[in-house]
Amino acid sequence: SKMADIVLATETSDAAIYYLKEARKIVDSGDATGISSVIQEAINKGARFLELGVDLSPREKAKALLKYVAKSDVKELLGESGRTISNIDRQIAEELVGVINLSSGEADILEAIDKAISKYEMSYKKNIGLYNNYESLYRRFDLVPPHQLGKSLDETRGQAIARIKASDYT
């Protein structure tokens, strides 16, 4: 349903903003770029290969956060819907949120993250407005919306839920 799509888009945007801001803090601290962070990442990978328990370095955490956002929401990042996502699309999405590699500088990564945050903030504002409009229609009739922000369908199942039809307005 339309309301379910709006709830999903709102919650996805909210989570992406959070993860991007966490990655931004790490990159801004200087712990995700530079030769020492690259060396630490290589040492950690070697230790993990030897099955030693090693926590993620700040660089690895930032990379994981950015990759997660890029992979989980390729269609939103590219502004595409209804088409098959290719490997090139995934690569472009990763570049849009910021890629941490040997050649990436801190300023470039921060700029990409800031642009991605802005895109998700705009999406969040648009969708929260749409959600509030739909929710107010249900509340107007003292009804519980079938989909609610921050609640799983399991929480709303079993409650008296009604669908509003156009005929309810006449």
Q: Determine the sole option in D108, I109, V38 for which the side chain to side chain contact (heavy atoms under 4.5 Å, CB included) test with T33 is passed.
A: I109
Q. Can you get from Y18 to L149 by hopping between Ile, Leu, Val, Met, Phe, Trp and Tyr side chains that sit under 4.5 Å apart?
A. yes
Q: Could you tell me which non-hydrogen atom of R59 sits nearest to which non-hydrogen atom of S37, and how far apart they are?
A: CD-O, 3.4 Å
Q. Does E22 pair with K61 as a salt bridge, N-O distance under 4.0 Å?
A. no
(Q) Holding to ring-ring contact (aromatic ring centres under 6.0 Å, His included), I want the full list of residues that pass it with Y124, two or more places apart in sequence or in another chain. (A) none
**Q.** Cluster companions of L8 among Ile, Leu, Val, Met, Phe, Trp, Tyr (side-chain spacing under 4.5 Å)
**A.** none
Q | Hydrophobic cluster (4.5 angstrom, side-chain heavy atoms) - remaining members for L50 | A | F49, L52, V54
Q) Who are the salt bridge (Lys or Arg N to Asp or Glu O under 4.0 Å) partners of E135, not counting sequence neighbours? A) R139
Q. Roughly how far, to the nearest 0.5 Å, is the CG atom of L66 from the CD1 atom of I113?
A. 4.5 Å
Q: Could you list all the salt bridge (Lys or Arg N to Asp or Glu O under 4.0 Å) pairs where at least one residue sits in residues 28-38, not counting sequence neighbours?
A: R24-D28
Q | Pairs flagged by salt bridge (Lys or Arg N to Asp or Glu O under 4.0 Å) wherever residues 120-129 is involved - sequence neighbours left out | A | K21-E121
(Q) The criterion is salt bridge (Lys or Arg N to Asp or Glu O under 4.0 Å); which residues satisfy it with E106, sequence neighbours excluded? (A) none
Q.
Please enumerate all residues that pass ring-ring contact (aromatic ring centres under 6.0 Å, His included) together with Y68, with sequence neighbours excluded.
A. Y19
**Q.** Check: S123/N127 side-chain N/O donor and acceptor closer than 3.5 Å
**A.** yes
Q: Check the pair R48 / L56 against side chain to side chain contact (heavy atoms under 4.5 Å, CB included), numbers first and verdict last.
A: CA-CA 10 Å; R48 283 189 206 99; L56 292 174; 3.4 Å; yes
Q | Residues forming a side-chain contact (heavy atoms from CB on, under 4.5 Å) with A62, sequence neighbours excluded | A | I26, V27, A32, I100
Q. By side-chain hydrogen bond (donor to acceptor under 3.5 Å, both in side chains), which residues pair with E11, not counting sequence neighbours?
A. none
Q.
Once rounded to the nearest 0.5 Å, what's the spacing between atom CD1 of I117 and atom OG of S13?
A. 12.5 Å
**Q.** Closest approach of Y138 to V144 (non-hydrogen atoms, all atoms of both residues)
**A.** CD2-O, 4.1 Å
Q) Is any side-chain heavy atom of Y120 closer than 4.5 Å to a side-chain heavy atom of V69? A) yes
**Q.** For Q40, side-chain hydrogen bond (donor to acceptor under 3.5 Å, both in side chains) partners two or more places apart
**A.** N44
Q. Which heavy-atom pair separates Y131 from H147 by the least distance, and what is that distance?
A. CE1-O, 3.7 Å
Q | All side-chain hydrogen bond (donor to acceptor under 3.5 Å, both in side chains) counterparts of S57, not counting sequence neighbours | A | E60
